[in-house]
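Worksheet: one structure, shown below.
Every heavy atom of this structure was used, including side-chain atoms; hydrogens, water molecules and symmetry mates were not. Chain letters run A, B, ... following the sequence lines, proteins first, then strands; residues in each count from 1.
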Number of protein chains: 4
Amino acid sequence: MVKEISSSIKDESLIVKRRAQLHKGAVTLFKQKGFHRATTREIAKAAGFSIGTLYEYIRKKEDVLFLVCDAIYDEVKARMKAVIDTDTTSESSLFQAVESYFQLMDELQDEVLVLYQELKALPKDAQEYVLNKEKEMLRLFETILENSYKDVLSQNEITLISNNIFIQGQMWGFRRWVLQKEFSLEQYTQHQFNLLKSQLAHLTQIKQQGGVK
Amino acid sequence: MVKEISSSIKDESLIVKRRAQLHKGAVTLFKQKGFHRATTREIAKAAGFSIGTLYEYIRKKEDVLFLVCDAIYDEVKARMKAVIDTDTTSESSLFQAVESYFQLMDELQDEVLVLYQELKALPKDAQEYVLNKEKEMLRLFETILENSYKDVLSQNEITLISNNIFIQGQMWGFRRWVLQKEFSLEQYTQHQFNLLKSQLAHLTQIKQQGGVK
Amino acid sequence: MVKEISSSIKDESLIVKRRAQLHKGAVTLFKQKGFHRATTREIAKAAGFSIGTLYEYIRKKEDVLFLVCDAIYDEVKARMKAVIDTDTTSESSLFQAVESYFQLMDELQDEVLVLYQELKALPKDAQEYVLNKEKEMLRLFETILENSYKDVLSQNEITLISNNIFIQGQMWGFRRWVLQKEFSLEQYTQHQFNLLKSQLAHLTQIKQQGGVK
Amino acid sequence: MVKEISSSIKDESLIVKRRAQLHKGAVTLFKQKGFHRATTREIAKAAGFSIGTLYEYIRKKEDVLFLVCDAIYDEVKARMKAVIDTDTTSESSLFQAVESYFQLMDELQDEVLVLYQELKALPKDAQEYVLNKEKEMLRLFETILENSYKDVLSQNEITLISNNIFIQGQMWGFRRWVLQKEFSLEQYTQHQFNLLKSQLAHLTQIKQQGGVK
DNA sequence: TATGAATGAGTGTTCATTCAT
DNA sequence: GATGAATGAACACTCATTCAT
């Protein structure tokens, strides 16, 4: 499950430091020009070191992309974890999760855009690796929904609603040209959450009526 | 508003024919390797002609991408038009529109995938041109929602729900690795439409209660 | 000595007509873009027919260049001949020859420019063929000088002065950016001829003084 | 007035060294095949490096041509300067200048040939830049003539004679196929200088006689 | 005869990657 | 560890030439 990127450098802390530089520079660059249009020289420059040094920390240009993609979900998962661990059974916990997730998608919108548009450029095994991380993300929402709406939602509904939430978060970033003209992040979150609540409320109604009969 | 791609060929019907070949070959190829990884020679070959002939019908590699992107919404719009013109005021018309749209997204899923992942590779003016077509598509859903739920939905809600429907259709294609494992197209359509109906039903309830008071 | 360009067309008068069109269009084009930058399509268009037709009258692109180069000296020789045949022994005949020649170089300056800059693009045998025509031109001046200054000029001096006259004529065209800003053609002719006369006068003086001794 | 050619190489001394290699190889090559027929790969090879390395030192193929053209007049000017600075008022100084110039044109005849035949292939701004350098060269001769024959020659005569000297020098190279068969460089120089002296002597005579009267 | 669609070898140029310093 | 000069495979694009109609 682990996918390591080899480096000829021995000093581990240096690797971490350099790759952080690299990640930061690369995202900025990929956002502007996309992965394919960015040259390795530009990547090196954006990261603050020479082309020679770049190749001390990666083996192929693709590795840079992988580094970026890989980091995104790690960050998302790390930050979502905190929210979710607190409490996962009430409606408010769903709102908190959605809110945090949308908040995060707002902060990471450049990264997410890159992820969306360049994932396919990775070799198949790296793609699968990244998609697996995405599945873990999806499961976070599924878990919350399961816990809070056990009796109301079918498995299919849970899958679907999780997916919907998931891409609504990403949509905020990669459809910014239409959404961010009409909504602030708070408005967007509020409205989408209201729509979600309507859905769940109605489904709950139906189930309860069904249960009465 | 028109964006023509110049060709050195005089026979207009030949241009149409060759560009159809080109479109078809290019989509197949781009789906496999993406636009950037596909070479012009491969594109030519996939279309069934030589590199020289390819350049009789386009001027830049980008033009191929534009041709593909441009055609997608033209086809979508043409086919949606038929459905929508019939009737745009009942709930069933919304279902029909969604069903047709999802159906179409299923058929064109390769094209949509390409569109999503390569749009950014187009020059800015071509991007805008394509995005404008997307806006027209969005307006189709907005119109139906406006007609059927005039008193129930705010403008914001209409915008948002249209966007949600829009990307749920595309999601069926570009997230096929997760969705198409769990649902058939009919199931997906049915479930998403049910969720949508729940939403609308609940919002209608709220509005009516509000009105009663 | 003859260098024919083959054509698949039988009707000789048509060949002559088409090649005249070709010559005219090509000179205009070569003057603007040079031989190498001009494409065969452009040449055909400038001549007023299609690329297919062009290749009915030539076999290689080079042939067009040859046609142009070849025609230049033919025209120069034809027109100089008339002047020279009249009278070749007096000083006035030298002036007339120079004047006609400069006049001609003025009229044909585009062609001469092309000739100068593209001659090297011809295959070796065609180059030699054209240079031989140039030699014939040179001999015209040599003949006049020999006839009029038999006792005054050595063979070397005749060669040199002919060459000087020859290139002073061409200079008028291909150094137009400096000369034609300062002189009219008449002035240029007059001044250069005066300088030439001074030369010949002084040489005559010397020879006569030498002869006296 | 400066026209720099950009390079991605940082080591300035290396740039100078590589461009010298490039210059030398390019002249040899252009002399044989002309600029247009020479491929960049051939240019690189002639310079002794790979195609990739070539493009580290130039940005466009045209740059190679510019490099060559630019260097010619720089060299001519540098070497003429020495001669001219010594003494610019006597007849002997004119002879020395002409002799040095012809000598130089002999040494640089390949470069001059290239210059003559390919200058037009440069973009307009580079052409003007090079032609300006040529004008500076012309002014050298004008200055000497002005100093030595102030009272004898009109401005027009100075312009014209300078031009004549200028192109007679170049003629030695680009008409070598006729001139160098008949003359050694010394003979050519001597004869042309004699003709020039005759001219000036006669003009001096005329002016003096005119003055006496 | 005239046309112009088709061809593909050839060209300028880029850029990921290596390696000597 | 860091640098950046060198490399050459690979690419987009052009254009002379052919040939079926």
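Of all non-hydrogen atoms in A:Leu67 and A:Arg19, the two that sit nearest each other are CD2-CD, 3.8 Å. C:Ile43 and C:Leu22 get closest at one heavy-atom pair: CG2-CD1, 3.6 Å. Taking all atoms of both residues into account, the shortest heavy-atom contact from A:Phe49 to A:Arg18 is CE2-CD, 3.5 Å.
More than 12 heavy atoms of other residues, nucleotides or ligands sit less than 6.0 Å from atom CD of D:Gln32. By the 6.0 Å contact criterion, CD on C:Gln21 is enclosed, its count of non-hydrogen atoms from other residues, nucleotides or ligands being greater than 12. A:Lys133 NZ: more than 12 foreign heavy atoms inside a 6.0 Å radius. Within a 6.0 Å radius of NZ in C:Lys24, other residues, nucleotides and ligands contribute 12 heavy atoms or fewer.
Of the residues near DNA chain F, C:Glu56 and C:His36, the one whose nearest nucleotide (by heavy atom distance) lies more toward the 5' end is C:His36. Residues C:Glu62 and B:Ile58 both approach DNA chain F. Their nearest nucleotides, taken by heavy-atom distance, put B:Ile58 toward the 5′ side. With DNA chain E read from its 5' end, the first of the two nearest nucleotides for D:Lys61 and C:Gly52 is the one closest to C:Gly52. Where B:Ser50 and C:Arg18 each meet DNA chain E at their nearest nucleotide, the meeting point lying more 5' is that of C:Arg18.
Between the NZ atom of C:Lys45 and the C1' atom of E:dA2 there is a distance of 18 Å, rounded to whole Å. As rounded to whole Å, 11 Å separates atom P of E:dT7 from atom CG of B:Leu14. Distance A:Leu54 CG to E:dC15 C1': 13 Å, rounded to the nearest Å. For C:Gln21 and E:dT1, the CD to C1' distance is 13 Å, given to the nearest whole Å. Separating the CZ atom of A:Arg37 from the P atom of E:dA16 is a distance of 13 Å, rounded to the nearest angstrom. For the pair C:Phe49 CZ and E:dT1 P, the interatomic distance rounds to 14 Å; values are reported in whole Å.
Of the residues in residues 6-13 of chain D, not one comes within less than 4.0 Å of DNA chain E through any heavy atom.
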When Watson-Crick pairs (N1 to N3 and N6-O4 or O6-N4) and G-U wobble pairs (N1-O2 and O6-N3) count only below 3.5 Å on both distances, what is the dot-bracket string of DNA chain E, with | for other-strand pairs? .||||||||||||||||||||

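Residue A:Thr53 is in base contact, counting any heavy-atom pair closer than 4.0 Å across all strands shown. Across all strands shown, D:Ala44 has no heavy atoms under 4.0 Å from either base or sugar-phosphate atoms. Contact annotation for C:Thr40: base contact, defined as any heavy-atom pair under 4.0 Å involving a base atom.
Between E:dA2 and C:Tyr57, a contact under 4.0 Å exists linking OP1 or OP2 to a side-chain N or O.
When DNA chain F is scanned in the 5' to 3' direction for atoms under 4.0 Å from non-hydrogen atoms of chain D, the outermost contacting nucleotides are F:dG4 to F:dA10.
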Walk me through whether C:Glu62 and D:Arg37 qualify under salt bridge (charged side-chain N to carboxylate O under 4.0 Å, His left out). CA-CA 13 Å; C:Glu62 274 167 358; D:Arg37 288 226 205 284; 3.4 Å; yes

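From D:Asp110, atom CG reaches atom OG1 of D:Thr28 across 7.0 Å, with rounding to the nearest 0.5 Å.
A:Phe66 and A:Tyr129 have tilted rings, their planes meeting at an angle from 30° to 60° on a 0 to 90° scale. Using cut-offs of 30° and 60° for the angle between ring planes, the D:Phe174 and C:Tyr116 rings count as perpendicular.
A donor-acceptor contact under 3.5 Å links the side chain of D:Arg41 to the base of E:dT13.
At a threshold of 4.5 Å between non-hydrogen side-chain atoms, the residues D:Ser8 and A:Arg41 do not count as touching.
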